[in-house]
Asker: 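Got a structure for you, written out below as structure tokens; questions coming shortly.
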Amino acid sequence: MKILNTEQEDYHVHSLNFSDGFATVDEIVVFAGKLGMKKIVITDHSQVAVDARFIARNTPREILLRWKNVHNNVEVAFGIEGDLLNEKGDICDELHGMKSDFLILSYHPITYKGDKNKVTEGFINAIKRHHKIIKFIGHIYAYSEGIDVEKVVEVGNQYKLAFELNGAYLMPFKSHQADMNALKIMLSKADQIYVNSDAHTLSGLKDLRKKGFDLLKENGFFE
Ligand SMILES: [Zn+2]
Ligand SMILES: [Zn+2]
């Protein structure tokens with residue numbers, strides 16, 4: 001298994017400007033600098049997720065064409081955490097009518113409109129149809145009841161897609177359901193993984209990615 005990022009890089013962070021994060025983009029970037037990070041990708045939720053969670057539209061996404069990091073040397077990019085919509089593998093990959101060249105594909109029960117017994121099929125179809133634009137599959141071991149994680153990982157590997165070890169889903173947050181057995185399957189089968197925080201707060205940016213790396217160290221995947 002290849003780990004595609006270092007502890008100084010995080011590819012899954014949410015902001016107040018564009019979805020349900022607690023801190024603004026600028027606050028996140030300043031704090032990332034203090035933590036000594038090299039790169040962050042702010043991947044706010046897609047339009048269907050923002051609508052389903054009644055997240056108020058904050059800053060229009062067009063502002064990103066004008067935003068620059070004036071704080072430090074942290075490399076900052078903007079992506080989208082897209083949503084798997086149904087068993088056909090349809091996805092939502094836009095926010096405020098704009099797409100991104102950095103797309104995570106995640107399954108969230110709140111935005112999935114298809115047959116919940118066919119999420120495996122949905123992932124497989126989505127991977128086949130959209131693998132060229134997907135950077136990695138988010139937290140496959142979350143809400144995984146009824147998902148054949150092994151099968152999805154197998155297809156992901158065929159298409160050279162990475163999977164995510166997501167620190168937020170290692171925590172006993174009330175809103176987060178994760179299946180540690182499914183996580184073990186993912187770690188034993190996936191060819192490539194990213195270790196991200198899925199931070200919605202500054203403390204999350206500091207602590208959650210570390211949870212993921214610690215878990216890998218404890219299990220001998222990483223020194
Ligand atoms: Zn998610
Ligand atoms: Zn997320």
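Quick caveat: nothing in here was measured; it's all calculated off a predicted structure. Ligands are counted one by one from 1 in listed order, and the atoms in each one are counted from 1 as well.
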Asker: Identify which one of K38, K217, K210, K206 satisfies the salt bridge (Lys or Arg N to Asp or Glu O under 4.0 Å) criterion when paired with E7.
Answerer: K217
Asker: Can you name the side chain to side chain donor-acceptor pair (under 3.5 Å) partners of N219, sequence neighbours left out?
Answerer: none
Asker: Less than 4.0 Å between a side-chain N and a carboxylate O, is that true for K39 and E9?
Answerer: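 Judged by the 4.0 Å cut-off on N to carboxylate O distance, E9 and K39 do not form a salt bridge.
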Asker: Just to verify, what does Y107 make a ring-ring contact (aromatic ring centres under 6.0 Å, His included) with, not counting sequence neighbours?
Answerer: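 Listed in chain order: Y112.
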Asker: Taking side chain to side chain contact (heavy atoms under 4.5 Å, CB included) as the criterion, tell me which of V48, I91, I110 meets it with D83.
Answerer: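 Looking at V48, I91, I110, the match for D83 under the side chain to side chain contact (heavy atoms under 4.5 Å, CB included) is V48.
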Asker: Would you please name every residue forming a ring-ring contact (aromatic ring centres under 6.0 Å, His included) with Y159, sequence neighbours left out?
Answerer: H131
Asker: Considering the Zn ion (ligand 1), could you give the total of protein N/O/S atoms lying closer than 2.8 Å?
Answerer: 3
